[in-house]
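Values in this document were obtained by computation on a predicted structure and should not be read as measured data.
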Amino acid sequence: MNYWLMKSEPITYGIDHLFKEKQCIWDGVRNYQARNFLKMMQVGDLAFFYHSNTQPPGIVGLMRIIESNIDDPSQFDPDSRYYDPKSDPQNPRWQTVKVELAEIFNAMITLERLKQNFRDDQMMVIKKGNRLSITPVEQNIAETILSWRN
DNA sequence: GCCAACGTTGGC
DNA sequence: GCCAACGTTGGC
């Protein structure tokens with residue numbers, strides 16, 4: 001079982017949206033490195049839900065992967081902002097996962113707190129200039145973060 | 001709103 | 001295959 005961190009701007013899709021929907025397909029990732037991490041995810045993996053472009057940014061909850069290696073439907077939808085006309089339906093370019101909400105944390109675990117407790121070679125999201133929306137989280141780091149809940 | 005840090009695109 | 005130009009992300 002592996003841990004991950006998945007970013008989203010709450011103005012677009014935040015943890016409140018997921019709370020209402022219970023589960024969702026994590027669509028719209030259009031970066032190959034991030035997609036490669038998505039393809040590595042397995043059912044049962046856990047992912048931190050991270051709010052980006054907020055004041056402050058940080059982790060707001062936990063999700064569980066409930067379906068892996070899905071072809072992202074939005075790549076074939078001309079009305080979607082994530083439409084990719086270059087993606088061949090016979091050989092889709094973008095894969096993702098389906099997640100369910102596991103937990104909403106009582107208080108956000110801020111980026112600042114992560115930076116205070118970990119080095120930037122321990123956790124990708126705290127590296128300066130990092131823009132990857134999907135990143136792995138080492139187990140011991142994940143367990144430490146989970147111990148901060150409530 | 002600024003801008004650093006990337007990733008992507010496309011001409012050559 | 002190089003790299004300049006451009007677009008995007010996301011903290012601040």
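In this structure, A/N31 atom CG and B/dT8 atom C1' are separated by 10 Å, rounded to whole Å. B/dG7 atom C1' lies 14 Å from atom CG of A/N36, rounded to whole Å. Between the CD atom of A/Q33 and the C1' atom of B/dG7 there is a distance of 10 Å, given to the nearest Å. Distance, A/I134 CD1 to C/dT9 P: 13 Å, rounded to whole Å. Protein atom CG of A/L111 is 18 Å distant from nucleotide atom P of C/dT9, rounded to whole Å. We find that CD of A/E112 is positioned 12 Å from C1' of C/dG11, with the value rounded to whole Å. Put simply, CG on A/N130 is 8 Å from P on C/dG10, counting in whole angstrom units.
Look at A/Q55 and you won't find any side-chain N or O under 4.0 angstrom from OP1 or OP2 of C/dG11. Not one side-chain nitrogen or oxygen of A/K7 sits closer than 4.0 Å to the OP1 or OP2 atom of C/dT8.
Here the side chain of A/K115 is nearest to one of C/dC12, C/dG10, B/dG7, namely C/dC12. Taking only side-chain atoms of A/R131, from C-beta outward, the nucleotide of C/dG10, C/dC12, B/dA5 with the closest atom is B/dA5.
At distances below 3.5 Å, at least one donor-acceptor pair connects side-chain atoms of A/S8 with backbone N or O atoms of A/Y13. Using a distance-only test at 3.5 Å, with no hydrogens or angles considered, no donor-acceptor pair links the side chain of A/N2 to the main chain of A/D45.
In this structure, A/M1 and A/L46 have side chains that are in contact, with non-hydrogen atoms separated by less than 4.5 Å.
A donor atom on one side chain and an acceptor atom on the other are not found under 3.5 Å apart for A/R30 and A/S87.
Qualifying ring pair (Phe, Tyr, Trp, His ring centres under 6.0 Å) partners for A/Y3, counting only residues two or more places apart in sequence or in other chains: none.
Here A/K127 lies out of heavy-atom contact (under 4.0 Å) with every strand.
The environment of NZ in A/K128 is sparse: at most 12 heavy-atom neighbours from other residues, nucleotides or ligands sit within 6.0 Å.
Under a cutoff of 6.0 Å and an axis angle of 45°, A/K115 and A/F118 do not form a cation-pi pair.
Annotation: of the two residues near DNA chain B, A/Y32 and A/K128, the 5′-most nearest-nucleotide partner is A/K128.
Near DNA chain C, meaning a heavy atom under 4.0 Å from it, residues 70-94 of chain A has no residue at all.
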